[in-house]
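Take a look at the structure set out below.
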Amino acid sequence: MTAEEPAGTAGPEFAGPAAGMPATPGRASGMPGGAASLPGQPPAAATGVSATGVAPGGRTALEAEPRPAGVWILSAAAVRRGDRLAAEAGLGGPVLMETAGRTAATLLWKVAGPFSPREPVVVLAGGGNNGGDGMVLARWVARWAGPAAVKVFLLAEPARLRGEAAVQWSLLARSGVPAIALAGEPAPGARQEARQNPGAEGGVVPAADAFFYHLEAAVARARVVVDALLGVGVRGALRPLAARALQVVGAAGVPVFALDLPSGLDADTGEAAPVVPRATWTVTFAAAKWGLLLGQGPERAGQVFVADIGWPQETGTGAGGTGSETEAGAPGGGSEGFPSARVLEAASVAALLPHRPWDAHKGWAGHVVVAGGRPGQVGAAVLAGTAALQAGAGTVTLAVPAPVRAEAAVHRPEIMTWALPATTGGEWDAAAATALAQREGERRGRVVRVIGPGLGQSPGAAACLAGWLGLDGPPATRGPEDPGPGAGSPAGVPAFPPTVLDADGLNLAARLGIDRLRERPGSFPLVLTPHPGEAARLLGWTTAQVQARRPLAALELARRSGAVAVLKGAGTLVAGPAGDLYACTRGHPGMASAGMGDALAGIVGAMLAQGLEPLAAALAAVFLHALAGELAAPAAGVPVQATEVIARLPAALQRVRRGLPRSAEALGVPGVAWLRPPLAG
Ligand SMILES: NC(=O)C1=CN([C@@H]2O[C@H](COP(=O)(O)OP(=O)(O)OC[C@H]3O[C@@H](n4cnc5c(N)ncnc54)[C@H](OP(=O)(O)O)[C@@H]3O)[C@@H](O)[C@H]2O)[C@@H](O)CC1
Ligand SMILES: [K+]
């Protein structure tokens, strides 16, 4: 699925410019590219749409139109709620399970088929609905390839099965699929029995040891093992028999196809015991689960597909809730469930990108001023500035301490430099705060600041930052609507232009106090781009706490600062102050290298400079950055340097504009989307 589609054949997701994003991240009126919000939309409350998924008062264009919605990321509690709402709407558990199991069987055929009795598919099923999914899959494999092409091991007592799992077990018996079930959980010291599905081969296999003997033998000659032991219903530590079964599967080295989640993976946090399988593929139902993106999830889940199982659309979008509604039995007790988020898609990003008119001039695309580059860290500012240029900014200036101006100027002839007041040691002088505003005031057109790459944390830098944010007075001396002294300028450039805070800009802001960012004059547009360490400093958490609760950390950053927050790291999250939350599943571990953050800050600046609202700018920048990182790497995880990524930004822009293959076109199975598509390159 790495082939590009020709322009104009990209399918309905590309049908209109409004595709895919909340009203808030639309382009601002009067900005390049035209109009902003989507007219005539009912308020969120009327649509049942979660406040975390869309801006208040609006809903996404995708939801408004009769076409497949994008992929959601939900907590286990939200998934339960979605299942319940679907059932209330008339799509009960058996229908959903049949759809899940059959879709999974189709996908399994695509990735590991065709099947034959010589190498049967082994399904390890549990006693809950995840096991039920596995039994549906087995039934369909049997219909397509014959009953001998699949074998089911049920790690549960058939007589104790309830609901849909019990129904599936009895249907399996009629289908002739060989199946072996375990008789009961072990009472200490008790003799365990396993018995075969009476409808299949008949007979009794004594003792748990015999069950595992047969499982081991079957797995050894299996083409693929389907892990249908546990899904979102797992509670607490794995019980011994479940752990033993998973150990057998893991030890065999056979490819694993996990249903919903690798068994035992925490659906919310991605925590996993060592025996949790390392699946080659995972097909997750209705929506992605947070645990597939966080913690150990990406390691254990392998290639993840998201299968649409037919939740009514309002169920899918409304299921998210805040994640805070406590449900009995939800993993993590429910209260720790994370809010819902949407996966960032190329088509949605394409709809956000500015359209450059034929008669565009450099002023049209704005002016990015990078404030940073202290002695020894000039490269950081250069990277941010170069990335801004490559991402389409009209002009770029590096505003640096005077002694390093020449050093900053030699890298790119297209980039201008301003020498700002410095101390004798070459660090920032507090006078640079007003000097920068004055230089900006001499320019026409839209100015955007990227503050932080190579800024340092000297007292002068701290004073400058406070001035640039309009927070140099005592706390709350002026309200957010009062622009304060120095607002406006001869050329009409606001004294507090849209701003990106990165690196030491964030570390210094943490010293000011993140909550003070809400007091910034006129609530000028602000985007924060912290890595987990910087986020921890801003929030007063530890880095481990940030990483353990990334969705909450991103939302908390946005809420407390009143700004858009980009929480970097594997699976970058973008949060808006109104509670919007998005996850980027593109990019790869090879992008964990020096200067990558500087590049991202520059790209956000370029998007703001081209007139995007802060949330849209952050979303577009994060996606383009990740895609450029993919284009720069020959394979996932191969180290790439920031300069290589920056060089690919125009290609990434072009890809997004032309339309990448839709993630919903995974392997040609309708209704199945990639969570993390193969590298774009
Ligand atoms: N509902 C729907 O509409 C749809 C649901 N769908 C599917 O259902 C899945 C959720 O099903 P679920 O809720 O039945 O839970 P599930 O993951 O099978 O686990 C329960 C089983 O695990 C056991 N068990 C628990 N903890 C354990 C431990 N620590 N160690 C060992 N065992 C443990 C527990 O045993 P018990 O406590 O009952 O003795 C019980 O047997 C979901 O992931 C998706 O795949 C799809 O078909 C779409 C429609
Ligand atoms: K599973």
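Atoms within a ligand are numbered from 1 in the order they appear, just like the ligands themselves. Just so it is clear, the model here is predicted, and its values are computed rather than measured.
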Do [X] and [Y] have side chains that get closer than 4.5 Å, going by heavy atoms?
X: F257; Y: V225; answer: no
X: V669; Y: K110; answer: yes
X: V306; Y: W674; answer: no

Legend entry - Interatomic distance, D266 atom CG to W290 atom CH2 [nearest 0.5 angstrom]: 13.5 Å
Ligand-side contact atoms (ligand 1) for residue partner [X], heavy atom cut-off under 4.0 Å:
X: M97; result: 47 (O)
X: D260; result: 42 (C), 43 (O), 44 (C), 45 (O)
X: G128; result: 14 (O), 18 (O), 21 (C), 40 (C), 41 (O)
X: A242; result: 31 (C)
X: L96; result: 3 (O), 49 (C)
X: G231; result: 16 (P), 17 (O), 43 (O)

Inset, instruction - Applying ring-ring contact (aromatic ring centres under 6.0 Å, His included), run through W109 and F115 and close with a yes or a no. - result: CA-CA 7 Å; W109 190 281; F115 305 124; 5.0 Å; yes
Legend entry - salt bridge (charged side-chain N to carboxylate O under 4.0 Å, His left out) evaluation trace for E119 with R221: CA-CA 6 Å; E119 292 179 308; R221 55 185 283 259; over 6 Å; no
Can you give me the closest heavy-atom contact between [X] and [Y], atom names plus distance?
X: A148; Y: P120; value: O-CB, 3.8 Å
X: P262; Y: A301; value: CG-CA, 3.7 Å
X: A218; Y: K151; value: CB-CD, 4.5 Å

Considering [options], which one's heavy-atom position lies nearest to [atom]?
atom: atom 25 (C) of ligand 1; options: R235, R84, E164; value: R235
atom: atom 27 (C) of ligand 1; options: V234, D133, I309, L238; value: V234
atom: atom 35 (O) of ligand 1; options: R239, E98, R80; value: R239

Legend entry - Min N/O separation L259 to ligand 1 under 3.5 Å: no
Inset, instruction - Look only at interatomic distance and state if V232 has a nitrogen or oxygen under 3.5 Å from any nitrogen or oxygen of ligand 1. - result: yes
Inset, instruction - Give the contacting part of D83 toward ligand 1: side chain, backbone, both or neither, where contact means a heavy-atom distance below 4.0 Å. - result: side chain
Inset, instruction - Specify side chain, backbone, both or neither for A237, according to which of its non-hydrogen atoms lie closer than 4.0 Å to ligand 1. - result: backbone
Side-chain donor-acceptor pairs of residues 121-136 under 3.5 Å, sequence neighbours excluded:
| unit_1 | atom_1 | unit_2 | atom_2 | d |
| --- | --- | --- | --- | --- |
| N130 | OD1 | L229 | N | 3.4 |
| N130 | OD1 | L230 | N | 3.3 |
| N130 | ND2 | L259 | O | 3.0 |

Inset, instruction - Please calculate the O(L259)-the K ion (ligand 2)-OD1(N130) angle and round it to 10 degrees. - result: 80°
Inset, instruction - Work out the angle at the K ion (ligand 2) between O of L230 and O of L261, rounded to 10°. - result: 90°
Inset, instruction - Return the name of the atom in D227, of element N, O or S, nearest to the K ion (ligand 2). - result: O
Legend entry - CZ/R143: more than 12 non-hydrogen atoms of other groups inside 6.0 Å: no
Inset, instruction - Take every heavy atom of A156, measure it against each atom of ligand 1, and state whether any distance is under 4.0 Å. - result: no
